[in-house]
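Note that these values count all heavy atoms, side chains included, but never hydrogens, waters or copies made by symmetry. Owing to the predicted nature of the structure, the values given are computational and were not obtained by experimental measurement.
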Amino acid sequence: MTVELDGPGVTVSDVVAVARSEAEVRLSDGAWKRMTAARGIVEALAEGEPAYGVTTGFGALANTTIPADRRAALQQSLIRSHAAGMGPPVEVEVVRAMMFMRARTLAFGLSGSRPQVAESLVSVINAGIVPSVPEHGSLGASGDLAPLAHAALVLIGEGEVLADNGGTTSGAEALSAAGIEPLVLAEKEGLALTNGTDGILGMLCLAVHDLAGLLKTADITAACSVEALLATDRAFAADLLGLRPHPGQQASAANLRAVLEGSPIVASHRFDDDRVQDAYSIRCTPQVHGAARDTLDFVTGVTEAELASAIDNPMVLPDGRVESCGNFHGAPIALAADYLAIAAAEVGAIAERRIDRLLDPKRSHGLSPFLADDPGVDSGLMIGQYTAAALCAENRRLAAPASVDSLPTSAMQEDHVSMGWGAARKLRRAVANLRRILAIEWVTAARGIELRAPLQPAAATAAALTLLRSKVPGPGPDRWLSPELAAADHLLTAEALIPAVETATGPLA
């Protein structure tokens with residue numbers, strides 16, 4: 001597919017397509033016209049009053065006037081000096097999303113760079129060139145300076161790019177192989193390439209996409225646990241849930257009802273069961289999953305607002321003004337990323353409690369200890385729960401907010417920063433951990449359901465079991481467990497579970 005980049009109008013799906021599916025990017029004619037007009041304003045300004053980053057230095061050096069014959073060198077020096085990151089390179093999808101996001105802002109025509117600058121970013125993306133961007137270095141204000149500078153180095157024929165063998169090669173060689181001419185920067189353009197929250201926003205877009213699927217997945221794996229534990233679906237009734245009308249709670253409960261509809265296992269103990277109510281980890285599933293859904297809805301709104309935003313400083317306005325502003329500050333998306341990490345931690349926490357309940361013979365209502373084939377000789381899925389507990393514990397640590405931990409920089413000119421990059425990095429880890437916890441619940445609940453035979457599951461949970469058994473064998477003597485958990489995780493990463501279940505339920509909420 002091809003994504004037309006006009007500035008406004010970019011969606012989360014567009015970001016995912018470019019970052020993960022190698023969709024090509026094309027600048028619209030309107031974007032070219034706006035960028036050309038804004039560039040004319042900058043070129044006229046270069047001969048007039050001082051303007052930050054055009055005729056002056058940066059940060060604490062903003063009051064240093066730069067002679068006209070040194071202003072191009074200023075932009076190149078900015079890229080080199082700001083590419084000061086350290087640590088391992090971030091993921092390919094993050095770099096591609098970040099470059100796409102930066103091209104998006106330039107396409108608004110409010111940054112004052114020539115259209116060729118955005119076109120250079122687009123050409124690098126389309127050529128599959130991925131700059132090597134170290135993980136550490138961004139404070140999220142003034143945007144993601146160091147990560148964006150490492151990407152911009154490649155545009156000017158310097159820096160390093162990721163190679164197919166897992167190492168790196170020079171940016172100059174990569175551009176030459178792709179037939180792309182190195183960019184020669186003019187006034188304002190080095191600043192326009194680096195002064196944005198594009199790395200944070202790109203990672204937040206990917207997390208929003210992933211969590212939208214994982215929250216549906218959590219409803220599915222929870223429904224499997226309901227059957228495996230001989231629990232009831234009565235607590236998920238629409239009229240009961242309607243007494244507390246949070247939208248997410250209603251959606252989660254509707255999914256649970258849909259997945260469990262017609263379940264012979266649930267029907268088998270509808271009457272003559274001496275249990276009055278299930279444990280919180282079962283009965284309160286829609287309340288916890290629903291709260292996470294409502295959090296995701298809020299963060300999605302923040303993400304969409306940011307996708308509609310032009311992020312730079314100074315901004316080149318259509319009326320000819322060039323004004324300094326604080327739109328590069330990452331606080332709105334930093335707080336959103338921290339909030340979403342809390343939601344991911346909670347969904348994982350309640351899933352881990354369901355896993356533990358499935359493995360405890362005192363609470364699993366007749367299942368063998370640890371779902372083992374020969375308890376004592378076999379340990380079954382005992383240590384799978386250990387792994388889930390470790391992932392859950394890490395997510396609790398990752399739920400501590402990064403956005404409250406500002407440190408001043410640039411000789412106190414930049415005296416409050418967002419730490420948004422750190423918030424987005426830990427969110428990515430929390431999302432991956434949640435996916436793995438849900439994979440473990442899926443494997444555990446599936447075995448529990450099969451041990452209830454001859455009772456049969458609902459059509460939807462049966463579809464979930466069929467998909468899992470295409471990669472993971474069923475109950476039996478102990479065997480190497482790690483590859484089976486990894487196979488379940490791979491199925492979730494490939495987003496295979498939801499469509500398999502929806503063949504029975506129709507579209508889930």
Can you name the nearest heavy-atom pair linking [X] to [Y], along with the distance?
X: V10; Y: D14; answer: CA-OD2, 3.6 Å
X: I350; Y: V288; answer: CD1-CG2, 3.7 Å
X: V443; Y: L381; answer: O-CD1, 4.2 Å
X: S406; Y: D415; answer: OG-O, 4.2 Å
X: L367; Y: G448; answer: CD2-O, 3.8 Å
X: S225; Y: E441; answer: OG-OE2, 2.7 Å

Rounded distance (nearest 0.5 Å) linking atom [atom1] of [X] with atom [atom2] of [Y]:
X: I498; Y: T217; atom1: CD1; atom2: OG1; value: 4.0 Å
X: D356; Y: S364; atom1: CG; atom2: OG; value: 10.5 Å
X: L155; Y: I129; atom1: CG; atom2: CD1; value: 9.5 Å
X: N195; Y: D312; atom1: CG; atom2: CG; value: 5.5 Å
X: C325; Y: F328; atom1: SG; atom2: CZ; value: 7.0 Å
X: S281; Y: R363; atom1: OG; atom2: CZ; value: 8.0 Å

Can you confirm whether L359 sits close enough to P369 that some side-chain heavy atom of one is under 4.5 Å from a side-chain heavy atom of the other?
no
Measure the shortest side-chain to side-chain distance between L201 and R104 over non-hydrogen atoms and say whether it is less than 4.5 angstrom.
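Yes; the side chains approach each other to less than 4.5 Å.
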CE (M1) with more than 12 external heavy atoms under 6.0 Å
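Check passes, neighbour count above 12.
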So, [X] versus [Y]: side-chain donor-acceptor pair below 3.5 Å or not?
X: R293; Y: H246; value: no
X: R435; Y: T493; value: yes
X: E227; Y: T461; value: yes
X: T194; Y: R102; value: no

[X] and [Y] ion-paired at < 4.0 Å:
X: D210; Y: R20; answer: yes
X: D273; Y: R275; answer: yes
X: D233; Y: R270; answer: yes

When you look at R469 and E450, which way does the salt bridge (Lys or Arg N to Asp or Glu O under 4.0 Å) test go after all the steps?
CA-CA 11 Å; R469 293 295 169 247; E450 289 167 322; 2.6 Å; yes
Should R428 and E93 be marked as a side chain to side chain contact (heavy atoms under 4.5 Å, CB included) after you check the CA-CA gap, both sets of side-chain angles, and the distance that decides it?
CA-CA 12 Å; R428 280 180 63 80; E93 65 178 34; 2.9 Å; yes
Once ring-ring contact (aromatic ring centres under 6.0 Å, His included) is applied, what residue pairs with a partner in residues 204-241 remain, sequence neighbours excluded?
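Checked against ring-ring contact (aromatic ring centres under 6.0 Å, His included) - neighbours excluded - no pair reaches residues 204-241.
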Take E91 and R96, measure what salt bridge (Lys or Arg N to Asp or Glu O under 4.0 Å) needs, and give me the verdict at the end.
CA-CA 9 Å; E91 303 82 3; R96 288 180 61 86; over 6 Å; no
For H416, enumerate each residue passing the ring-ring contact (aromatic ring centres under 6.0 Å, His included) test, keeping only those at least two apart in sequence or located in another chain.
H329
For Y339, the ring-ring contact (aromatic ring centres under 6.0 Å, His included) test, sequence neighbours excluded, returns F298
Check the pair V154 / V130 against side chain to side chain contact (heavy atoms under 4.5 Å, CB included), numbers first and verdict last.
CA-CA 9 Å; V154 174; V130 182; over 6 Å; no
Side chain to side chain donor-acceptor pair (under 3.5 Å) contacts touching residues 496-509 (sequence neighbours left out)
none
Chi angles and distances behind the side chain to side chain contact (heavy atoms under 4.5 Å, CB included) call for N433, C392
CA-CA 7 Å; N433 286 347; C392 181; over 6 Å; no
Does the pair V95 and H150 meet the rule for a side chain to side chain contact (heavy atoms under 4.5 Å, CB included), with working shown?
CA-CA 10 Å; V95 180; H150 278 276; over 6 Å; no
Tell me, please, which residues at least two apart from E160 pass salt bridge (charged side-chain N to carboxylate O under 4.0 Å, His left out).
none
Results of side-chain contact (heavy atoms from CB on, under 4.5 Å) for D297 - residues two or more places apart only
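Result, side-chain contact (heavy atoms from CB on, under 4.5 Å) vs D297: D294.
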My understanding is that only one of V266, V259, L260, I449 makes a side chain to side chain contact (heavy atoms under 4.5 Å, CB included) with P457; could you say which?
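Passing option: I449.
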